[in-house]
Amino acid sequence: MPGEGDVTNNYDLAREAFAGWGVDTDAAITALSAVPISVHCWQGDDVGGFERKSGTSGGGIQATGNHPGRARNPDELRADLDFAFAQIPGRHRLNLHACYLDTAEQPDRDEIEYRHFASWVDWAKENGLGLDFNPTFFAHAKADDNLTLSHPDAGIRDFWIEHGRRCREIAAAMGRELGSAAVNNIWVPDGSKDTPVDRMAARRRLEASLDAMFAETFQKSELIDAVESKLFGIGVESMTVGSHEFYLGYAIRKGTALCLDMGHFHPTESVADKLSAVALSVEDILLHVSRPVRWDSDHVVLLNDDLLAMAQELVFADLLPRTRIGLDFFDATISRTAAWVVGVRNMQKALLRAFLLPQARLKALEARLDYTARLVLTEEARDLPFAAVWAEYCARAEVPVGEALLGRLEAYQAAVSGRG
Ligand SMILES: C[C@H](O)[C@H](O)[C@@H](O)C(=O)CO
Ligand SMILES: [Mn+2]
């Protein structure tokens, strides 16, 4: 039965098989164990958050489904995350949105402070996790026009600038407290349903608001600012103010990290291909690993060609030291904890496969234009026993694989499905 096989024996055979290709499996496991994945809190409750008052505007993003077991408060969300992290090998990070504050108070977005998130920091410390952060520029009455930082009304812009400014302070304090820089990622839903006539004015307003928000400087050891582009969203089909070109230019000029979300481009565009291109001009990269199905649908990531290509680029182009890997999907039709576990493990499996490829040999073949040998070896390498190396890594980390994993996921889901 999968998950109960002879892991050690399988691994010994796999180690030999990879050694025949000049690949060191133990080095690959060590490399993988050093890559943290930033796990998005919002998969746990369908992007709801824990504010006591919230607006209706969803910013064009939506979790669909009504599977039982949604976390209803910070304690339930942390319990779900504890469970999920226990099924995932390695040490990771939690990516928190500002609307997931943990307080009996009712601060508006422009009033939030570090103390409203202190319980998350305590929990992260206890569990050896890093934290990342995001201002929440949606689900609020002042975002109901699908305009925030680029709104023509200066009062609304100022409200959101203050929110973003406070989020940077909070993220920097988290980074300081945990001794690991927090990424604070800016995504705004701003755009236009129908064809606008003054795109330039909207983009100038967004740029000026970002500049105001980023005015205060922080140590890079505490805070990494990131900006996230998007092609379009529901309700903003004709123009997104923060398009890819807008933010690529902004990140280059202002020195922020660039966030590439796999769901935010035309379906035939490859984010894997973009990595090396933007890396020549941008120092830090943030990934939102997602799976668009026909649109930015945010499905759970599969171990598919897109993910394998992304991981291979990160490893082969040596981009891992300056890339933060975050996940961004939300599926409410399945167990939310299972969604996390499957998504994170798939990202790790993709990276492991990349570490296990005969990189130097393939690059040498390409450099001497031997595309035939490159093709043959790339295809033959697909038959190597990657699964045995993954199972060994999981065994060393004492996390389950196969049927054993399914059993744990089902048992946890059964335990939480009675939540109201
Ligand atoms: C909740 C996130 O901030 C959001 O998903 C954003 O990153 C995004 O990708 C919007 O489409
Ligand atoms: Mn995203």
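Count residues from 1 along the sequence. Note that the structure is predicted; figures quoted are calculated from it, not measured. Both counts, for ligands and for their atoms, begin at 1 and track the order of listing.
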Residues Lys230, Asp261: salt bridge by 4.0 Å N-O rule = no
Thinking salt bridges, do Glu216 and Arg165 make one under a 4.0 Å N-O criterion?
-> yes
Look at the N, O or S atoms of His288, main chain and side chain alike, and state whether any lies under 2.8 Å from the Mn ion (ligand 2).
-> yes
Which of the numbered atoms in ligand 1 are below 4.0 angstrom from a heavy atom of His288?
-> 7 (O)
Could you tell me which atoms of ligand 1, counted from 1 in the order shown, lie closer than 4.0 angstrom to a heavy atom of His264?
-> 8 (C), 9 (O), 10 (C), 11 (O)
Go through Asn95 and Asn134 one step at a time and tell me if the side-chain hydrogen bond (donor to acceptor under 3.5 Å, both in side chains) criterion holds.
-> CA-CA 8 Å; Asn95 194 9; Asn134 307 259; 2.7 Å; yes
Among all protein heavy atoms, pick out the one at the shortest distance from atom 11 (O) of ligand 1; state its residue, atom name and that distance to 0.1 Å.
-> Lys230 NZ, 2.7 Å
Asn134: heavy atom below 4.0 Å from ligand 1, yes or no?
-> no
Is any side-chain heavy atom of Glu269 closer than 4.5 Å to a side-chain heavy atom of Lys274?
-> yes
Do any nitrogen or oxygen atoms of Asp296 lie less than 3.5 angstrom from nitrogen or oxygen atoms of ligand 1?
-> yes
Out of Arg419, Arg72, Arg336, which one pairs with Asp80 under the salt bridge (Lys or Arg N to Asp or Glu O under 4.0 Å) rule?
-> Arg419
Looking at the Mn ion (ligand 2), which N/O/S atom of Asp328 is the nearest one?
-> OD2
Taking the side chain as every heavy atom from C-beta outward, state whether Pro36 and Arg91 have any atom pair closer than 4.5 Å.
-> no
Quick one: do Val282 and Tyr247 satisfy side chain to side chain contact (heavy atoms under 4.5 Å, CB included)? Show the steps, please.
-> CA-CA 11 Å; Val282 168; Tyr247 278 127; over 6 Å; no
Is it true that the side chains of His140 and Asp108 contain a donor and an acceptor less than 3.5 Å apart?
-> yes
For Asp261, take its heavy atoms, then give the atoms of ligand 1 lying under 4.0 Å from any of them.
-> 9 (O)
The N/O/S atom of Asp261 lying closest to the Mn ion (ligand 2) is OD2
Can you figure out which of His40, Glu228, His97 has its heavy atom closest to atom 3 (O) of ligand 1?
-> His97
Atom 9 (O) of ligand 1 [closest protein heavy-atom partner, distance rounded to 0.1 Å] | Asp328 OD2, 2.7 Å
Of all N, O or S atoms in Glu228, identify the one at the shortest distance from the Mn ion (ligand 2).
-> OE2
